[in-house]
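The structure under discussion appears below in the form of structure tokens.
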Amino acid sequence: MIRKQTFTDVLYNIPVMIDSETMNMRGAYWFNEGEYEIFGLWDNYDNDSGQFNRNVKSLSQIAGQEFSLLYQVKGSENIRGGKPLYLSSPLMTMYRSLKVEERILPPGTYYLQFVIVDAFMREMRLDLVELHCDGQKMTIVDDSWKGSVTLDPKDFYAK
């Protein structure tokens with residue numbers, strides 16, 4: 001399907017573990033259609049060359065294999081010298097196509113963080129926002145968060 005991209009379409013990298021290898025499941029949310037689409041798995045960039053890794057695997061290439069979603073533990077990169085710790089979901093089976101569904105989260109504390117990655121794989125990370133879910137609605141815990149942030153690349157990139 002050919003889609004007209006809008007400025008509000010969003011690309012996602014969802015960390016997954018498949019065959020003891022960490023990769024990103026690449027997906028998008030298309031606002032015009034109100035639908036999610038999963039493109040496949042990719043490995044970010046090649047550590048040797050610094051170029052984008054072209055090793056993209058379609059879902060049909062890995063259909064039938066087990067995988068788990070990875071969830072980064074808040075603050076773990078400070079403890080582990082910059083390497084984050086991940087918890088994994090129960091194992092699931094990969095199919096040739098995946099359907100992404102929105103569901104109500106169970107009660108608990110959640111954290112939201114936006115990470116902007118430029119064409120050179122440099123990251124600009126916004127501060128974590130703590131959210132509390134009572135099973136019906138999400139509430140921002142910190143009243144100081146106003147919902148908008150102005151980023152200046154000079155604050156994030158080495159000079």
Side-chain angles (χ1 to χ4, degrees), residues 5-45 47 53 56-57 59 62 65-95 97-158:
Q5 188 169 359
T6 68
F7 71 93
T8 55
D9 294 332
V10 179
L11 293 174
Y12 292 97
N13 285 321
I14 305 162
V16 297
M17 176 76 69
I18 188 164
D19 286 339
S20 69
E21 185 179 0
T22 302
M23 296 187 84
N24 283 304
M25 189 180 304
R26 185 75 159 171
Y29 180 75
W30 304 105
F31 279 88
N32 288 342
E33 291 88 7
E35 294 178 356
Y36 292 93
E37 181 178 2
I38 302 295
F39 301 119
L41 298 178
W42 76 300
D43 212 7
N44 285 342
Y45 61 95
N47 288 329
N53 191 328
V56 177
K57 296 179 182 178
L59 296 181
I62 52 175
Q65 295 183 37
E66 291 186 327
F67 75 101
S68 59
L69 300 174
L70 298 176
Y71 304 98
Q72 185 176 341
V73 176
K74 179 183 180 255
S76 62
E77 64 279 358
N78 298 332
I79 299 167
R80 302 183 74 224
K83 292 189 87 177
L85 174 69
Y86 290 94
L87 298 176
S88 59
S89 72
L91 287 174
M92 297 174 268
T93 302
M94 184 66 69
Y95 295 100
S97 67
L98 296 175
K99 181 177 181 182
V100 178
E101 297 178 342
E102 294 182 9
R103 295 188 178 184
I104 295 174
L105 292 170
T109 301
Y110 296 88
Y111 295 91
L112 172 69
Q113 181 179 43
F114 288 98
V115 179
I116 300 168
V117 181
D118 72 8
F120 300 105
M121 297 304 293
R122 297 179 297 189
E123 295 182 349
M124 292 188 288
R125 293 179 172 268
L126 276 63
D127 293 335
L128 287 173
V129 176
E130 186 174 335
L131 305 166
H132 178 72
C133 179
D134 64 7
Q136 297 296 316
K137 64 180 180 172
M138 299 290 281
T139 308
I140 297 173
V141 175
D142 183 6
D143 289 342
S144 67
W145 191 73
K146 304 291 186 217
S148 65
V149 175
T150 301
L151 297 177
D152 186 345
K154 293 181 290 190
D155 297 335
F156 293 91
Y157 300 152

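Along the sequence shown, residues carry numbers from 1.
- Residues Phe67 and Asp19 fail the side-chain proximity criterion, which asks for heavy atoms closer than 4.5 Å.
- Residues Leu98 and Tyr36 fail the side-chain proximity criterion, which asks for heavy atoms closer than 4.5 Å.
- With Tyr110 as the fixed residue, the side-chain contact (heavy atoms from CB on, under 4.5 Å) test singles out one of Met138, His132, Glu130: Met138.
- Rounding to the nearest 0.5 Å places CD1 of Ile18 at 10.5 Å from CE of Met92.
- Minimum interatomic distance between Ser68 and Ser89 (heavy atoms only, all atoms of both residues): CB-O, 3.3 Å.
- Contact annotation: the side chain of Ile62 approaches that of Leu41 to within less than 4.5 Å [non-hydrogen atoms, C-beta and beyond].
- Between Phe39 and Trp30, the ring planes are perpendicular. Angles over 60° get that label, and only those under 30° would be called parallel.
- Under a 3.5 Å cut-off, the side chain of Asp134 and the backbone N or O of Gln136 do form a donor-acceptor pair.
- Between the CG atom in Leu131 and the CD1 atom in Ile140 there is a gap of 6.0 Å [rounded to 0.5 Å].
- Counting only heavy atoms from C-beta outward, the side chains of Cys133 and Pro107 never approach each other to under 4.5 Å.
- To the nearest 0.5 Å, atom OH of residue Tyr29 and atom OH of residue Tyr12 are 8.0 Å apart.
- Taking CZ from Arg26 and CD1 from Ile38, the interatomic distance works out to 11.0 Å, rounded to the nearest 0.5 Å.
- Here the CE-CG distance, from Met25 to Leu70, works out to 10.0 Å after rounding to the nearest 0.5 Å.
- One finds the CE atom of Met17 at 3.5 Å from the OG1 atom of Thr22 (value rounded to the nearest 0.5 Å).
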